Each structure stands twice: as structure tokens, then as C-alpha cells.
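These notes concern the structure reproduced below.
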Amino acid sequence: QAQPVESGGDSVQAGGSLRLSCAASTNIVSISRIDWYRQAPGKQREWVAVIGIGGDTNYADLVKGRFTISRDNAKNTVYLQMDSLKPEDTAVYYCRAYISPTRIYWGQGTQVTVSS
């Protein structure tokens, strides 16, 4: 299937870590730019991080230095390692696979809850 599937969301205390996964059953991951987004209750969806086909990465200022995005093409999976989590990181996290303007696939999301 082309639609990515996120996993790894959980409830943790502030300062803790989580690793989210974004997986697809085909080689969609290896041919896509993969972005992570998040949406907190009552807020708009915001961009978090991106990894290009060649492995280049970029991060939103709010997570820079705390989150790390990586990809394993052999496993058709992209990871988002989240360290030093803060309550304001609480959100549903989504991954998006971008191949072309007409081939964009969103996952269903995974919930991350950080308590103080």
C-alpha cells in the first residue's frame, strides 16, 4: 500500500524520549521525500521535520536539537527520534510521503502525549 502507517506514539513524562516510525509496504519510502507534521488540539497542523531521498534533513526551530529524522530504505521506514520531550510536544504526529504533486500520501497519525 502507498499510504504510510505511523506507530510508536505513547504517553511519556517531560524529558523522556520516543521513537516514531513511518512505514509503507512498498518502496514508497525510498522514492519519497518524507515529512513529519504534528497537530495539537485546537491548533493547525505544523511541519516538524523532513528527510529527502538523498538523506538530507531539516527541522522546525521548535524541535531542532531534540528530534532526529532518519530513514532505512531496506525496511521502507522513516524514523523520528524525539528526545527531551516537552508538554508542548503533545500532538498527533503524521508522516507524509511526497513523490510528486499528484502523488502525496498521508498516514493516519499516532498520538504523543507528554506530561509535566
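As the structure is a computational prediction, the values presented were derived from the model and not from experiment.
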*In Å and rounded to the nearest 0.5 Å, what is the CD1 to OG1 distance from I34 to T57?*
14.0 Å

*I would like to know whether E88 and L62 meet side chain to side chain contact (heavy atoms under 4.5 Å, CB included); could you show each step before the answer?*
CA-CA 10 Å; E88 50 264 43; L62 287 175; over 6 Å; no

*Do V48 and Y79 share a hydrophobic cluster, counting only Ile, Leu, Val, Met, Phe, Trp and Tyr and linking them when any side-chain heavy atoms are less than 4.5 Å apart?*
no

*Does a salt bridge link D61 with K64, judged by any charged N lying under 4.0 Å from a carboxylate O?*
yes

_Interatomic distance, R96 atom CZ to S32 atom OG [nearest 0.5 angstrom]_ = 10.0 Å

*CD1 on I51 to CG on L80, rounded to 0.5 Å*: 10.5 Å

*asked:* Would the distance check show the side chain of T77 and the main-chain N or O of K75 forming a donor-acceptor pair, the cut-off being under 3.5 Å?
replied: yes

*How many angstroms lie between NZ in K86 and OG in S116, if you round to the nearest 0.5 Å?*
13.5 Å

*Return yes if some donor-acceptor pair links the side-chain N/O of E6 with the main-chain N/O of C95 below 3.5 Å, else return no.*
yes

_Residues forming a side-chain hydrogen bond (donor to acceptor under 3.5 Å, both in side chains) with Q81, sequence neighbours excluded_ = D83

*Y59 side-chain N/O to I69 backbone N/O, donor-acceptor pair under 3.5 Å*: yes

*Run the numbers on V63 and M82 for side chain to side chain contact (heavy atoms under 4.5 Å, CB included), then give the verdict.*
CA-CA 9 Å; V63 306; M82 306 188 297; over 6 Å; no

*Measure the spacing between CG of D56 and CZ of R33 and express it to the nearest 0.5 Å.*
9.0 Å

*asked:* Using a 3.5 Å distance criterion without hydrogens, assess whether the side chain of T110 forms a donor-acceptor pair with backbone atoms of G9.
replied: yes

*Looking at Y93, does the NZ or CZ of R38 lie under 6.0 angstrom from its six-membered ring centre and within 45 degrees of the ring axis?*
no

*Considering the options L18, L20, T113, which one meets the side chain to side chain contact (heavy atoms under 4.5 Å, CB included) requirement together with D10?*
L18

*Among Ile, Leu, Val, Met, Phe, Trp and Tyr joined by side-chain contacts under 4.5 Å, find the other residues sharing a cluster with W47 and list them by chain and number.*
Y37, V50, V92, Y94, Y98, I104, W106

*Just how far is it from atom SG of C22 to atom CZ of R71, taken to the nearest 0.5 Å?*
9.5 Å

